[in-house]
Amino acid sequence: MKVTFPHMGHLWVSVAAMLQYLGVEVVVPPPTTKRTLTLGSRYAPEFACLPLKLNLGNFIEARELGADTILMAGGCGPCRFGYYAQVEHAILEDLGYRYRLVVMEPPQRHAGELLAKIKYITGHRSWLEVARAIWFGFQKARLLDELERRAHYLRPREVRRGSTDRAFGEALKIVAAVRHPRDMAKAAEQAHRIMSEVAFDAYRPVLRVGIVGEIFTLLEPFANYDLERKLGHMGVEVDRSIYLSEWINDHLLFGLAGGRRTRKAACRAAAPYLNHFVGGHGQETVGSAALYAAQGYDGVIQLMPFTCMPEIVAASILPKLKAELGIPVLTIVVDEHSGEAGLITRLESFVDLLHGRKGVEG
Ligand code: SF4
């Protein structure tokens with residue numbers, strides 16, 4: 001069995017670590033590129049959301065490298081994600097790509113089914129080993145998130161342009177290469193040291209912007225045109241409403257790993273505007289925007305794929321929140337027809353507006 005999965009930001013680092021620790025052969029899909037998107041958009045229904053198209057492209061490219069089993073998360077609720085894996089699998093079958101499909105349903109609702117799927121993938125491994133593997137993957141995700149947060153702080157303040165990106169790239173390679181949990185502490189120390197060597201100006205005035213929205217678009221730089229990096233180079237320190245380790249903690253570890261934010265906190269903050277689940281991360285988008293306003297952020301950017309149902313609901317509520325809490329909100333919709341130049345123009349205008357407001361208020 002040669003298992004593949006969506007590339008999605010740094011998710012591949014954690015999933016590959018978990019599976020390889022359990023002795024499962026893994027085919028990491030190549031990083032998502034224009035080719036991935038072209039393949040996915042050619043074969044997916046036009047109105048499918050962008051993550052489905054990119055996943056499809058990932059799976060076609062992984063098949064070319066010998067993968068024969070897809071590992072996908074399942075879902076339930078009002079958005080399309082619940083039948084995503086099956087649609088992708090059916091398209092691949094029609095194209096002649098023979099894949100086994102293993103869908104990991106959310107543990108809260110399908111615990112028995114999830115355990116059976118884990119057993120199917122990991123074979124004779126004990127539950128203790130499986131738990132260690134999940135913890136190993138989580139540790140990698142948490143470390144990468146810490147490093148990314150540091151990069152978000154450094155980028156707008158770096159003395160030499162590009163030094164943060166170079167340092168983060170090196171640190172990422174070190175974390176990805178760790179094969180056993182016992183080596184994590186050393187890798188963490190090396191990676192943090194590399195980041196600490198980036199020269200920065202702590203007194204440089206910067207803007208602070210919170211990024212909210214659909215999780216795939218938030219985590220995959222190809223899907224969002226590397227928005228966080230672009231904003232960093234425009235002098236904006238960003239914070240993202242969902243990091244991968246927070247998602248793992250909320251959905252797979254039942255919040256037991258602690259951490260600075262939880263889904264519950266975002267939903268509580270959303271309650272005055274939206275007090276029920278609308279699928280995906282729509283409720284968290286509204287709640288996180290309210291939290292960013294309360295924390296004094298200069299603005300909020302909502303990222304969403306074209307036709308994303310939960311984010312359309314959130315987008316219709318954000319103007320009210322913006323009016324009541326006085327925080328500027330920019331919604332960016334992405335699909336395969338989006339253009340980078342147009343996005344840069346919109347970001348520059350938004351940043352200008354935030355500078356203007358800060359100047360007036362200051
Ligand atoms: S949350 Fe949005 S992008 Fe994700 S599957 Fe649902 S509709 Fe598609």
Side-chain angles (χ1 to χ4, degrees), residues 5-12 15 29 32 36-37 39-41 43-59 70-92 101 103-106 108-110 211-225 227 240-244 246-248 250-252 263 266-267 270 273-274 276-289 300-318 329 331-338 343:
F5 34 81
H7 201 278
M8 194 171 94
H10 303 130
L11 172 78
W12 66 274
V15 179
T32 302
T36 320
L37 176 61
L39 287 169
S41 328
Y43 301 118
E46 189 188 355
F47 279 91
C49 36
L50 186 67
L52 184 142
K53 293 172 185 168
L54 292 179
N55 284 351
L56 196 58
N58 283 156
F59 298 149
I70 291 172
L71 187 60
M72 267 289 284
C76 42
C79 101
R80 290 171 277 189
F81 190 65
Y83 61 83
Y84 228 67
Q86 288 76 9
V87 170
E88 289 166 355
H89 190 236
I91 295 170
L92 290 165
L101 174 66
V103 183
M104 300 289 191
E105 297 295 348
Q108 294 85 346
R109 305 208 186 184
H110 305 271
I211 317 279
V212 301
E214 188 274 331
I215 186 168
F216 187 99
T217 325
L218 288 184
L219 299 188
E220 174 54 59
F222 180 83
N224 62 41
Y225 292 85
L227 174 121
R240 194 191 299 152
S241 60
I242 308 168
Y243 285 81
L244 181 61
E246 291 168 342
W247 186 90
I248 297 176
D250 268 338
H251 293 86
L252 299 181
R263 182 177 180 275
C267 293
Y273 307 95
L274 175 65
H276 61 92
F277 181 59
V278 292
H281 290 83
Q283 207 179 355
E284 287 98 315
T285 291
V286 174
S288 301
V300 165
I301 295 180
Q302 180 199 20
L303 274 174
M304 60 181 269
F306 182 52
T307 76
C308 171
M309 299 176 289
E311 294 301 324
I312 289 172
V313 174
S316 70
I317 292 166
L318 287 175
V329 179
T331 293
I332 291 176
V333 182
V334 289
D335 72 356
E336 66 271 32
H337 304 296
S338 305
L343 174 75

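Just so you know, ligand 1 is whichever comes first in the structure, and atom 1 is the first atom listed for that ligand. Here the structure is a predicted model, which means the values were calculated and not measured.
For atom 8 (Fe) of ligand 1, the nearby protein N/O/S atoms, meaning those under 2.8 Å, are Cys49 SG.
Remark: Phe216 pairs with no residue by the ring pair (Phe, Tyr, Trp, His ring centres under 6.0 Å) rule, at least two apart or across chains. Listed by chain and number, the residues in a salt bridge (charged side-chain N to carboxylate O under 4.0 Å, His left out) with Glu284 are Arg263 (sequence neighbours excluded). The salt bridge (charged side-chain N to carboxylate O under 4.0 Å, His left out) check on Glu220 picks up nothing, with sequence neighbours excluded.
Note that the CG atom of Leu92 and the CZ atom of Phe59 stand 7.5 Å from one another [nearest 0.5 Å].
Contact check for Pro310 versus His281: no side-chain heavy atoms found under the 4.5 Å cut-off.
One side chain, Asn58 or Thr32, offers a donor N or O that lies under 3.5 Å from an acceptor on the other.
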